[in-house]
Amino acid sequence: KMISRKKGFLLLILAFSTVTLLFRQSAHLSWFPKSSPFGCGPLLSSRPKHTAVAFLKTHKTASSTVQNLLFRFAERHNVTVALPHHACDHQFCYPRNFSARFVHPYTLPPRVIASHLRFNGGELRRLMPNDTIYITILREPVGMFESLFSYYNQYCPAFKRVPNGSMEAFLDEPYRYYRPHEKFAMYAHNTMVYDLGGDPERNPDHDPAYLPRFVRQVESIFSLVMLAEYFDESLVLLRRLLAWDLEDVLYVKLNMRSPESKLNITSPHLVEQIRAWNALDARLYDHFNTTFWRKMGEVGQDCVRKEVRALRQACGRLAQHCFGGQPQLRPAMQIKNKELRPWQPSAKVDIVGYDLPGSGPPSDELCLKLVMPEVQYSRYLLRKQSLKNRRRAAAHRSLSPRGLLRPPRHPITKVA
Ligand SMILES: *[C@@H]1O[C@H](CO)[C@@H](O)[C@H](O)[C@H]1NC(C)=O
Ligand SMILES: *[C@@H]1O[C@H](CO)[C@@H](O)[C@H](O)[C@H]1NC(C)=O
Ligand SMILES: *[C@@H]1O[C@H](CO)[C@@H](O)[C@H](O)[C@H]1NC(C)=O
Ligand SMILES: *[C@@H]1O[C@H](CO)[C@@H](O)[C@H](O)[C@H]1NC(C)=O
Ligand SMILES: *[C@@H]1O[C@H](CO)[C@@H](O)[C@H](O)[C@H]1NC(C)=O
Ligand SMILES: *[C@@H]1O[C@H](CO)[C@@H](O)[C@H](O)[C@H]1NC(C)=O
């Protein structure tokens, strides 16, 4: 009797989990119609998905949102993500040139890398598989500079020196405040070129050959340069490049400032000054804006536009499911779940984030991950991958009595 009751109970549990699983599965797939209604190819790809991706995460370019999406993709597809060694913080010892030594040994060998680093092609090739697709994202330099100026106003000495924190004063005489070789200088001058491994101090008037050469180099490595201004279009190009489903690029915007802490730059004089000070970034952006539209033309602008609409609708449905509508932006301190509080660069800037409805632990993992800020998500992934790695190592040890197959140790010397 006892045994059969136990059996019945087990059966009940089994039935319940099956129903739950089916329900989740169907919920999972219902964000968009599976067959494309507009003859531009299926929204679910027929090619195998490409899983080796190196994303150069640039600063203040909506790159946190792309990183979040790549982290979620990697988790769902069992792909290892390279994460920084503890000594490197949650970035790969940025602003130093990237080195494979900065990667946590428990995250080797990776197929995805998406945390901040200063690009170094040789070291990335050493780390990543040979079928890796390189991608990055750029932003129009005027909005970008305003964002950097505000975000790093307490970090970057060049900005701290300016009286009254005035961007106008800085731009009138940048060399009065800016020192190229001091700490955090890279946030104040041609930051995109710096992140891409270039030399931000080259003056295009004195050295006109430098930027075209640099652009050719970037083009030879990166298969797609996304643009923050055309974010959804960029995601459509991305998912087509990688043969991902539209579902793999759903997102909510992360790491934003509140509208009140944004300056609205409307003066043409200021725009000119910002572009002149960041002349390399401005030309870099203009170049890749041109190639972006060429790429859009190749896919077919109509197709992209329709797919963008499908993406937005799917993101809307997902937001409805997770937050009961568009998620409410909240100042970090008002976010109850500490795991969801974004990092604040200083008391003067308000980085807003999201909270999940209800006060208990969030029930839906996708919703939680969707709004998990980068520091917490990186920590979470590292814990998860370390655990997996240790289990694997333990399994190997039980097979080889002397424990020959311990994970390799990668000593880091002199990490700042
Ligand atoms: C991911 O890995 C886990 C454990 O290693 C395994 O149980 C699961 O089936 C894998 N999933 C996929 C989609 O490969
Ligand atoms: C970092 O990379 C830049 C650009 O490739 C190079 O000029 C510089 O010497 C490198 N710095 C170090 C410390 O290796
Ligand atoms: C990539 O590496 C694999 C083994 O890791 C090798 O078999 C393959 O030939 C390489 N492909 C290219 C294009 O180098
Ligand atoms: C800084 O602000 C104060 C008060 O608003 C003003 O009197 C002063 O002239 C400003 N200084 C500069 C260098 O703009
Ligand atoms: C900038 O514009 C946005 C939207 O138009 C507005 O909400 C915000 O308050 C403005 N910021 C400032 C500093 O004026
Ligand atoms: C990018 O290029 C397009 C097409 O030439 C142009 O309309 C648009 O203004 C450019 N965008 C920016 C932000 O410069």
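Note that ligands are numbered from 1 as they come in the structure, with each ligand's atoms numbered from 1 the same way.
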Worksheet item: Are any non-hydrogen side-chain atoms of Asn190 and Asp199 less than 4.5 angstrom apart?
Response: no
Fill in: atom 14 (O) of ligand 6 touched by protein heavy atom at under 4.0 Å
yes
Output side-chain donor-acceptor pairs under 3.5 Å for residues 212-222, partner residues at least two apart or in another chain, one line each.
residue	atom	partner	partner atom	Å
Glu219	OE2	His287	NE2	2.9
Ser220	OG	Gln217	O	2.7

Worksheet item: Is Asp245 salt-bridged to Lys49, going by a charged N under 4.0 Å from an acidic O?
Response: yes
Worksheet item: Does Asn289 reach ligand 6 with a nitrogen or oxygen that is under 3.5 Å from one of the ligand's nitrogen or oxygen atoms?
Response: yes
Discussion item. Under 4.0 Å and counting heavy atoms only, is there anything from the protein next to atom 7 (O) of ligand 6?
Written reply: no
Worksheet item: Quick one: does ligand 6 sit under 4.0 Å from the side chain of Tyr285, the backbone, both or neither, non-hydrogen atoms only?
Response: side chain
Fill in: Any non-hydrogen protein atom less than 4.0 Å away from atom 2 (O) of ligand 2
yes
Discussion item. Can you report which non-hydrogen protein atom sits closest to atom 9 (O) of ligand 2, along with the distance?
Written reply: Asn97 ND2, 4.7 Å
Discussion item. Between ligand 6 and Glu140, is the shortest N or O to N or O distance under 3.5 Å?
Written reply: no
Worksheet item: Which class fits the ring pair Phe149 and Phe145: parallel under 30°, tilted 30 to 60°, perpendicular over 60°?
Response: tilted
Worksheet, complete the sentence: Contact region, Phe288 to ligand 6, non-hydrogen atoms below 4.0 Å, reads neither
Worksheet item: Do NZ/NE/NH1/NH2 and the carboxylate oxygens of Asp131 and Arg111 come within less than 4.0 Å?
Response: yes
Practice prompt. Provide the number and element of each atom of ligand 2 under 4.0 Å from a heavy atom of Gly197.
Written response: 4 (C), 5 (O)
Worksheet entry | Arg118 heavy atom under 4.0 Å from ligand 2 | yes
Worksheet entry | Candidate pair Lys295 and Glu298, rule salt bridge (Lys or Arg N to Asp or Glu O under 4.0 Å), full reasoning | CA-CA 5 Å; Lys295 257 189 195 131; Glu298 285 162 15; over 6 Å; no
Worksheet item: With a 4.0 Å cut-off, would you call Glu123 and Arg126 a salt bridge?
Response: yes
